[in-house]
Amino acid sequence: MNNSATSTARPSVIQLAIKEKSALYAAYIPLFSTGGVFIPTSREYKLGDDVYVLLSLPDDPQRYPVAGKVAWVTPAKAANNRTQGIGILFPTDEKSRSLRLKIEELLGVHMGSDRPTQTI
C-alpha cells in the first residue's frame, strides 16, 4: 500500500518572539474572535494551512504553543508597504483562550488605539 498519496504535510513550526508591547500591538489580530497574531514571513502559505507557533510575549519567559491556521495572507509587494506575512487564527481551546486574554491584558488601553497595525 502506498501511503505517500494520503499523507499530509506536517504543519510548519514558526517561533515568534515579541519583545515589546508596541510589536505585540502591531501583531495581534483582535478581529479574530478566538484571537490571532500576524507573523512576518516570506514563505508562501495558503488560507487554511496548519501552522504551529511558539509564541513569546514581552516580559514573559514562557513560550506559548499555538496550533493555529492561516486565516490571513499579506502577499509580497502589498499595497501601502504592508509587511509580507500571515495571520494565524488561534484555535478554540482553553489554552488559546487564556493566551488571548493574557495578550489583551498586556495590551490594556492600547486595544482601542487608532495606531496602524500589521493587519487592518
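Just the heavy atoms: all of them, side chains too, but no hydrogens, waters or symmetry mates, feed the values below. Numbers here are sequence positions counted from 1.
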> So Ile86 and Thr41, side-chain contact (heavy atoms from CB on, under 4.5 Å) or not? Walk me through it.
Replying inline: CA-CA 7 Å; Ile86 54 174; Thr41 179; 4.0 Å; yes
> Does Tyr28 reach the side chain of Glu104, with side-chain heavy atoms less than 4.5 Å apart?
Replying inline: yes
Side-chain donor-acceptor pairs under 3.5 Å in residues 94-101, sequence neighbours left out?
| unit_1 | atom_1 | unit_2 | atom_2 | d |
| --- | --- | --- | --- | --- |
| Glu94 | OE2 | Arg97 | NE | 3.4 |
| Ser96 | OG | Asp93 | OD1 | 2.7 |
| Ser98 | OG | Glu94 | O | 3.2 |

> Does some side-chain heavy atom of Leu54 sit less than 4.5 Å from a side-chain heavy atom of Val66?
Replying inline: no
For residues 57-65, run the donor-acceptor check on the side chains, cut-off 3.5 Å, and write out each pair with its distance to 0.1 Å, sequence neighbours left out.
| unit_1 | atom_1 | unit_2 | atom_2 | d |
| --- | --- | --- | --- | --- |
| Asp60 | OD1 | Gln62 | N | 3.0 |
| Asp60 | OD2 | Tyr64 | OH | 2.5 |
| Arg63 | NH1 | Gln15 | OE1 | 2.8 |

> Is there a side-chain contact (heavy atoms from CB on, under 4.5 Å) between Thr83 and Thr74 once you walk through the steps?
Replying inline: CA-CA 7 Å; Thr83 303; Thr74 302; over 6 Å; no
>> I want to check something: taking the side chain as every heavy atom from C-beta on, are Leu107 and Leu24 in contact at a cut-off of under 4.5 Å?
In response: yes
> Going by the salt bridge (Lys or Arg N to Asp or Glu O under 4.0 Å) test, which pairs reach into residues 39-54, not counting sequence neighbours?
Replying inline: Asp50-Lys69
> What residues, two or more places apart in sequence or in another chain, satisfy side-chain contact (heavy atoms from CB on, under 4.5 Å) together with Ala67?
Replying inline: Tyr52
> How many angstroms lie between CD1 in Ile18 and OG in Ser56, if you round to the nearest 0.5 Å?
Replying inline: 8.5 Å
> Taking all non-hydrogen atoms of both residues, which atom of Leu89 and which atom of Ala71 are closest, and how far apart?
Replying inline: CB-CB, 3.8 Å
> With sequence neighbours excluded, what pairs up with Ser12 under the side-chain hydrogen bond (donor to acceptor under 3.5 Å, both in side chains) test?
Replying inline: Tyr45
>> Using 0.5 Å steps for rounding, measure from the CD atom of Gln84 to the CD1 atom of Ile39.
In response: 13.0 Å
>> Quick check: do Trp72 and Ile88 have side-chain heavy atoms less than 4.5 Å from each other?
In response: no
